[in-house]
Amino acid sequence: MKKYQEYKQVDYPGIGESILAFWKENKIFQKSVENREGAETFTFFEGPPSANGTPGIHHVMARTLKDIFCRYKTLKGFQVKRKGGWDTHGLPVELQVEKELGITKEDIGKKISVEEYNKKCRETVMRFKDEWDQLTEQIGYWVDLDDPYITFDAKYIETLWNLLKRFYDKGLLYKGYTIQPYSPAAGTGLSSHELNQPGCYRDVKDTSITAMFKLKGEEDTYILAWTTTPWTLPSNSALAVGENLDYVKVKTFNPYTFQPQTVILAKARLSASFNPKASDVAIEDYKPGDKLIPYQVLGEMKGRDLLGLEYEQLFPIEGLSLPHPAFTVIAGDYVTTEDGTGIVHLAKAFGADDFRTLEQNGVPGVFVKDENGTDVPVIDKQGKFLPIVGKYLADKIKEHGIAAHKEFGADDFYVKNYLKEDESGADYKTTDIFITIILKNENKAFKVEKYEHSYPHCWRTDMPILYYPMESWFIKTTAYKDKLVELNKTINWKPESTGIGRFGNWLENLVDWNLSRSRFWGTPLPIWRTEDGSEEKCIGSIDELNAEIKKSIEKGFMTASPFKEEVPDLHRPYVDDVIMVSSKGEKMFRETDLIDVWFDSGAMPYAQWHYPFENEEIFKANYPADYIAEGVDQTRGWFFTLHAISVMLFDDVAFKNVIANGLVLDKNGNKMSKRLGNAVDPFKTLKEFGPDALRWYMLSNANPWDNLKFNEEGVTEVQRRFFGTLQNTYNFFALYANLDHFTYDGDKAIQADQRPELDRWIISKLQSLIIEVENAMDSYDATKATRAIMSFTVDQLSNWYVRLARKRFWRGELNADKLAAYETLYECLITISQLMSSFAPFYSDWMFRNLTEGRREAGHQVPESVHLTEWINADHSLINEDLLASMELAQNISSLVHSLRKKERLKVRQPLQKILVPILSEKTKQQIQHVEELIKAEVNIKHIEYIDDTSGILVKNVKPNFSKLGKQFGPKMKLVAANIQKWGKDEIAEIEKNGAIFIDLEGEKITLTLEDVLISSEDIPGWSVASEGGVTVALDVTLTQELKQEGIARDLVNRIQNLRKDMGLEVQDKINIKIAKHDELINQALENFSSYIREETQALSLSVNGNIEGGTILDMDDFELTVKVEKV
RNA sequence: GGGCCUGUAGCUCAGGUGGUUAGAGCGCUACACUGAUAAUGUAGAGGUCCGUGGUUCGAGUCCACGCAGGCCCA
């Protein structure tokens, strides 16, 4: 019976399937975790994917990356629990449901109840769970799929509420404003996602105005600020300049009132604001009404010189005046001179930048109190000016006698034409136009014109959006900025730049975390308020909630609890039905917001265990994470929310090591998209290549943090080059081990130091490889690890060790040398199977099991899977640096000889007498002598001759050692180099003899030592020479009769082997050979090398006859030979 | 507009702290091997190291400014 299974053909996808079945049947994953009970914990957090879409090829990348370090750490002896998880809330789910039901957000609560809607969301979100599970299994991502955390789960939400309450109790959860895109026509806020829908940004022509803000305390001096939204001007409360930009003060005339005036604007905007033709016109020559308005620059200043200047309110409306520092000049870091005047008008309520800048500078905005006493902007949610402004505008229209298409009262001024009035009437005017006319008349407009620009529109109503202040709940992350920054520095980021750059900079410019989402399917904000906002309650558990409900029922606000089940559904609409009782006995209603889904996922370290309600021990043992991995696009998403919650509530990092992987692009570097049809189907790819080659390709081709240009040809290459070579090597081993009935037994194996040189060398290499892989994996560098394994397997093991040791496997009986070869190759293979098991979990297990099956059947204790083994630590004592250096020389010299043979057209089968190797040090000579036999066999030469100075034929070259001399001589380097390059053999001899030499450098005497130069030998006169990496080889190309005969013998062996093969003989079959007589040289060759030929071809006899019946004519290149081979 | 990443052979990628002939694999060409054989090996050709300036005796490497592609954020 064969102990080692041999395979003609390998079916990689098949291996994936059969090993997967084996894992399932024998619970290998569970065992790999249970095995390590009591061992040190290595904690991994799964960033939850959303299962409402099908998985793509990039998920293979992300999940492989997660998997490999967990597997590696398991081998290293850690217990690695991996709880799976699902992200279930959020806008994409809602949008998908709306699309399928053919409804919009407005229909919720009308055409469909919130209850039904959320039910639909809950069904939809797990729609592709099966596909996800399938992919996860098929690619070998080991994660606990049976007991995952699910973010819509009531227990999960309970933890979220608990965390939110902790924030609340610390005073870190507060209600404030944020400026958001808002659609007055639809009466709803819009997400950036919605704004990015195609067709939302449209080119529109708006009335733009450069308004004049009169400086206080100066005669007719104005600051110019440009805006495309004149309706925001009544809300102006400050002007922003760029501190480092250049500004000018210009004397000119108003084009509408013709009055003389002085204006301030950015120097760079001068030519755009004034007609250059007017630059020649003298100020004095201007007459009111002239088309060409002269201007004269009076002075120049920096933006920072303008800071603090006060100006008069543009619309001095009663009730809208503001205290200092309103109506002053402040600095804005985003101010440019690309358009406008280089000075930006700020209206706190209608621009996110405006809001932020004013807030930072402590400048109040223009607001009025509503009936509840809260501040509201002067435009209502329908997009209409409040009467306080409307009355002012209506009065001005009368005062200035402006013709209008209708009578305007105080309550008639809509911005952006939200009434959808017919605009074609002769006197039709928008609110913007009224505002500009009033300003023109009042000498407050410098320029008014139509301006075409891109402006976002509501995708439902097609109407332009407003940026409008919306009430929102925030987590005060800014209060912990320093701590967040500080603890981030303790995290090991891969790549580092994402941590210090992308993430670090983001933390430096932190703003408070806006938690609010005005939606339906998500975690409800657990805050109840009285109607006047005077009292609030934040609920932190289901028990608290029930207690409040009980109180409410007693008070009579509620008749019954909306929660029938013991574990209630904490979603809308049920929580909205809860009315609580304030301390004063008033009704309290829930704030209708949901929270940001990123809070859901960022809270998974706690919520996945339902901490602190349950599992405190498990939580503490599994926090913080040793390792997480996710796409780089999560930097401001999951990575941030994990970090923020952990630092702010638990004063610790949430993760210690993190890989932020890049995107998977198509082979041309374009983003994959289902729409464009360039997306790669992971299931199809798996079916074609199996999981191992796919994983290996993704990890080894490029660093995971760089974008991967996914190319199937790359997978093919990995499969052929790495897996194919490894498979061949295994098969080679299996073939001969079975013939020899060899079974590996570690206890009885020959001691490594007793084995032949070649064996000790590959063992040396193998130990170095283990260390290399360990180092790479310990620093989370999978690419390095896979490349090292690949290089060892292909270049060292297969291409060198097996090739050179080949004959040892098939010649003679099972002696010590042969045994050592088997044992060595076996040890290499089994070690590779373990080293590669993290990356190629299926194939490696398959090979491991093939290698160990015999032992298992013989009753030995061998783990049933490579994933249940203990890491084989490197044995440093087996690393022989000298031997490694020797073998490298052997490889180099062989390569050089091959190159020379090629040049001289002498094939390797033709033996040659000798090579010459110039020797510059005794050590090198010894190192080469060590591997002399190998070299001679590999390149088919008889002798290696070492030549040194005494031979008289060695020609040495000398080169400056730049790196050493450069530091010493710096600028004189060129002179020194020139001097050294002129040296002849006398100077070289002198420095070699004395260890130093004096040279004259433009009159200056300097000393150079042996270390300052590099001496090499690259030439032997009269010989064919090749040189590389400091080694030089010369080839003796003389062919003696004897050599020619041997060459013929070898050629003949080769031809007979082919014949044997054509005849279909087995390796061990014996033959008889008859050869027809030929000329003397050939007869001699046959005679002299008869035994050699017989041995090589397994021939019992070799006879040379005059004539042969039915022989085969062999083409021997230079001649032909008739031969008859017969099976014995 | 800002932050970050990437740019080296036809393709995919290596190239600690600057050092004088810039490497590998694939592909291509030629050859070898034929007892690992639908495998394998060797050699060769192939380079404006994205561009422009700068620092330096010396730059693929350091600095500045650009260009192209990508991601995230405004």
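Per chain, numbering begins at 1; letters A, B, ... match sequence-line order. Model, not experiment: these values are computed from the prediction.
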Between [N] atom [atom2] and [X] atom [atom1], what is the distance in whole Å?
X	N	atom1	atom2	answer
N514(A)	rC73(B)	CG	C1'	15 Å
E717(A)	rA24(B)	CD	P	15 Å
E938(A)	rC33(B)	CD	C1'	11 Å
L804(A)	rA36(B)	CG	P	13 Å
L829(A)	rA36(B)	CG	P	16 Å
Q727(A)	rA36(B)	CD	C1'	11 Å
N661(A)	rC72(B)	CG	P	13 Å
N940(A)	rG41(B)	CG	C1'	15 Å

Problem set entry | Under 3.5 Å side-chain donor-acceptor pair for R803(A) and N799(A) | yes

Problem set entry | Modelled atom types, side-chain donor and acceptor of Q796(A) and Q891(A), under 3.5 Å |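 The criterion, which ignores hydrogens and geometry beyond distance, is satisfied for Q891(A) and Q796(A).
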
Could you pull out the protein-nucleic contacts involving nucleotides 42-44 of chain B (nitrogen or oxygen on both sides, under 3.5 Å)?
unit_1  : atom_1 : unit_2  : atom_2 : d
rU42(B) : OP1    : N799(A) : ND2    : 3.4
rA43(B) : OP1    : S895(A) : OG     : 2.7

Separation between the [atom1] atoms of [N] and [M], rounded to whole Å:
N	M	atom1	result
rC13(B)	rU17(B)	C1'	23 Å
rC31(B)	rC71(B)	P	47 Å
rG69(B)	rG23(B)	P	32 Å
rC57(B)	rA43(B)	P	40 Å
rG51(B)	rA68(B)	P	15 Å
rG53(B)	rA59(B)	C1'	13 Å
rC11(B)	rC72(B)	P	26 Å
rC50(B)	rC26(B)	P	24 Å

Problem set entry | Residues, nucleotides or ligands: over 12 heavy atoms within 6.0 Å of K784(A) NZ | no

Exercise. Y822(A) and D740(A): side chain to side chain donor-acceptor pair (under 3.5 Å), yes or no, with the steps?
Worked result: CA-CA 10 Å; Y822(A) 278 129; D740(A) 279 321; 2.6 Å; yes

For this session: Run the numbers on Y467(A) and D354(A) for side chain to side chain donor-acceptor pair (under 3.5 Å), then give the verdict.
Result: CA-CA 11 Å; Y467(A) 287 94; D354(A) 306 37; over 6 Å; no

Using a heavy-atom cut-off of 4.0 Å across all strands, would you classify [X] as base, sugar-phosphate, or nothing?
X	value
G714(A)	nothing
V794(A)	nothing
R720(A)	sugar-phosphate

Exercise. What one-letter contact string describes nucleotides 2-15 of chain B from 5' to 3', where B marks a base within less than 4.0 Å of any protein heavy atom, S marks contact via sugar-phosphate atoms alone, and - marks no contact?
Worked result: -BBSS-----SSS-

Exercise. Can you check whether F639(A) and F503(A) have ring centres sitting under 6.0 Å from each other?
Worked result: no

Problem set entry | K709(A) and D666(A) ion-paired at < 4.0 Å |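 D666(A) and K709(A): not salt-bridged.
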
For this session: Show your working on salt bridge (charged side-chain N to carboxylate O under 4.0 Å, His left out) between K959(A) and D1012(A) and close with a plain yes or no.
Result: CA-CA 9 Å; K959(A) 268 198 312 197; D1012(A) 292 333; over 6 Å; no

Problem set entry | Spatial distance of atom CG (L814(A)) from atom CG (L739(A)) [nearest 0.5 Å] | 11.5 Å

Any strand is fair game: report the nucleotide pairing with [N] by Watson-Crick or G-U wobble, both distances under 3.5 Å, or none.
N	answer
rA59(B)	none
rG51(B)	rC65(B)
rU12(B)	rA24(B)
rC4(B)	rG70(B)
rA43(B)	rU29(B)

Exercise. Is a donor-acceptor pair below 3.5 Å formed from side chain S798(A) to base rA36(B), judging by atom type as modelled?
Worked result: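 Result: at least one qualifying N/O pair found.
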
For this session: Could you check which of rA36(B), rG19(B), rC33(B) has an atom nearest any side-chain atom of M973(A)?
Result: rG19(B)

Exercise. Within the pair R721(A) and rC26(B), is there a side-chain N or O less than 4.0 Å away from OP1 or OP2?
Worked result: yes

Seminar exercise, completed: Assign each of N728(A) and A977(A) the nucleotide of RNA chain B bearing its closest heavy atom; nearer the 5' end lies the nucleotide of A977(A)

Exercise. Taking for each residue the nucleotide of RNA chain B with the nearest heavy atom, is it F969(A) or N1054(A) whose nucleotide lies nearer the 5' end?
Worked result: N1054(A)

For this session: Could you check Y12(A) against F689(A) for ring-ring contact (aromatic ring centres under 6.0 Å, His included), going step by step and ending with a plain yes or no?
Result: CA-CA 6 Å; Y12(A) 294 99; F689(A) 299 99; 9.6 Å; no

Exercise. On the ring face of F355(A), is K348(A) found with NZ or CZ under 6.0 Å from the centre and within 45° of the axis?
Worked result: yes

Exercise. Picking from W696(A), Y697(A), F839(A), what satisfies ring-ring contact (aromatic ring centres under 6.0 Å, His included) with F722(A)?
Worked result: W696(A)

